[in-house]
Amino acid sequence: MSTVTDNQDDAIARRRARILEIARNAGSVAVEDLAERLAVTPQTIRRDLNVLADQALLSRIHGGALVASGVNNIAYDTRRAVAAHAKARIGAAAAALIPDGSSLFINIGTTTEAVAANFSHHRDLMVISNNLNVVDALSSHGSVDLVCVGGTVRTQDRAVVGALAMRFIENFRVDYALIGISALASDGTLLDFAIDEVEVSQTIIRNARKVILVADSSKEGRAAPVRVCGMEAIDFYVCDRVVDEGLKAACKAHGVEVIETLAGEAA
């Protein structure tokens, strides 16, 4: 009997090691894909992912998991693919908050890019961005006055960062800031990985009348080393859903209007 149990334990350990290998190579994994690749049920994969998340080896998200890292973010192209459908919904919902004739900042991030993709019917916007992907997306929009922030370009994600970027942004005072982040702590703290990026985001927040945070639920509970701000600086939080009860309480305590695009749907 013990031999059978030992063999089962070995199989589970090998499968979980393989899951970690796949996740580290890709940056993220999906339940259905892993179930097919490893020839087990989705329920088995969910149990494996939950155990690996409890061991802080992966960060659990809806439908899969991310590589857990408290120091380095996953590659930008990989981030684009993570929760892509959720980001598309968030992008549409956040864009709907922006009236025609508004001025706004858009910072770096795949979710803020999803917001910019929903401005096709907006008119008379002034958009200032340190995200060259956003600049590219809006450059052919005939009714957007587009301003590209000057400074040092970080080539891996096409972010404009550094002291020059901060000084450039200080010249503006806009209606809205659209902010994406890498991690959200249970107490409502916004976190990111790179100090130069965080400093630019903080400058953007200071110079906007209203701040809209856009983030999918995979950001909840992730570890990142640099503090951006607390929920007291945020006016709207647009997400797929808020899972963390502490985060819900922080939003309520600071009067943040929460817009959940998947509210009421099963996780």
Side-chain angles (χ1 to χ4, degrees), residues 6-91 108-114 133 154-159 180-186 189-194 197 214-226 228 239-244 247 261-262 265-267:
D6 289 344
N7 289 340
Q8 289 174 336
D9 289 345
D10 287 344
I12 291 169
R14 286 195 300 272
R15 186 176 66 246
R16 290 175 181 169
R18 178 61 178 148
I19 289 171
L20 283 175
E21 180 184 5
I22 294 169
R24 285 166 180 160
N25 286 334
S28 65
V29 287
V31 169
E32 297 298 333
D33 177 63
L34 286 175
E36 183 176 345
R37 291 177 68 169
L38 301 178
V40 294
T41 66
Q43 290 79 5
T44 296
I45 294 297
R46 290 189 186 97
R47 284 195 295 271
D48 289 341
L49 294 181
N50 288 337
V51 169
L52 293 170
D54 288 342
Q55 296 171 347
L57 297 171
L58 293 176
S59 295
R60 195 74 164 87
I61 61 172
H62 182 67
L66 296 171
V67 175
S69 172
V71 178
N72 299 309
N73 206 353
I74 61 177
Y76 203 73
D77 287 343
T78 300
R79 277 184 272 158
R80 273 204 176 107
V82 172
H85 293 299
K87 289 173 183 176
R89 293 195 191 197
I90 291 166
I108 191 69
T110 57
T111 311
T112 56
E113 290 170 24
N133 300 308
R154 193 171 59 194
T155 56
Q156 64 265 36
D157 56 6
R158 306 185 76 219
I181 44 84
S182 295
L184 269 172
S186 185
T189 301
L190 283 63
L191 301 163
D192 225 308
F193 290 93
E197 179 179 342
V214 291
D216 67 87
S217 55
S218 71
K219 307 297 174 61
E220 293 184 23
R222 286 190 75 194
V226 189
V228 180
C239 58
D240 50 348
R241 58 167 59 84
V242 182
V243 179
D244 187 284
L247 185 56
T261 63
L262 296 181
E265 295 190 21

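The figures that follow rest on heavy atoms only: side chains count, while hydrogens, waters and symmetry mates do not. Along the sequence shown, residues carry numbers from 1.
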Checklist entry - L190 and L184: side-chain contact (heavy atoms from CB on, under 4.5 Å), yes or no, with the steps? => result CA-CA 5 Å; L190 283 63; L184 269 172; 3.8 Å; yes

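Between atom CD1 of residue I22 and atom CZ of residue R37 there is a gap of 4.0 Å, rounded to the nearest 0.5 Å. The NZ atom of K87 sits 13.0 Å away from atom OG1 of T261, with the distance rounded to the nearest 0.5 Å. The CD atom of E21 lies 11.5 Å from the CD1 atom of I19; values are rounded to the nearest 0.5 Å. Atom OG1 of T111 and atom NZ of K219 lie 4.0 Å apart (nearest 0.5 Å). Separation of atoms OG1 (T112) and CG (N133) is listed at 8.5 Å; rounding is to 0.5 Å. Note that the CD1 atom of I90 and the CG atom of D240 stand 5.0 Å from one another [nearest 0.5 Å].
In terms of heavy atoms, R241 sits closest to E220 at O-OE2, 3.3 Å. A pairwise comparison of heavy atoms in A185 and L191 identifies CB-CD1, 4.3 Å as the closest pair. When every heavy atom of D216 is checked against every heavy atom of A86, the shortest pair comes out as CB-CB, 4.3 Å. Listed here is the closest heavy atom pair of D244 and S186: OD1-OG, 2.8 Å. Across all non-hydrogen atoms, the minimal contact from S182 to D192 is OG-OD1, 2.6 Å.
Annotation: side-chain hydrogen bond (donor to acceptor under 3.5 Å, both in side chains) contacts of D33 (sequence neighbours excluded): none. For R14, there are no salt bridge (Lys or Arg N to Asp or Glu O under 4.0 Å) partners two or more places apart in sequence or in a different chain.
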Atom pairs and distances, side-chain donor-acceptor, residues 42-49, under 3.5 Å, sequence neighbours left out:
unit_1, atom_1, unit_2, atom_2, d
T44, OG1, T41, OG1, 3.0
T44, OG1, R47, NH2, 3.3
D48, OD1, R15, NH2, 3.1
D48, OD1, R16, NE, 2.8
D48, OD1, R16, NH2, 3.2
D48, OD2, R15, NE, 2.5
D48, OD2, R15, NH2, 3.2

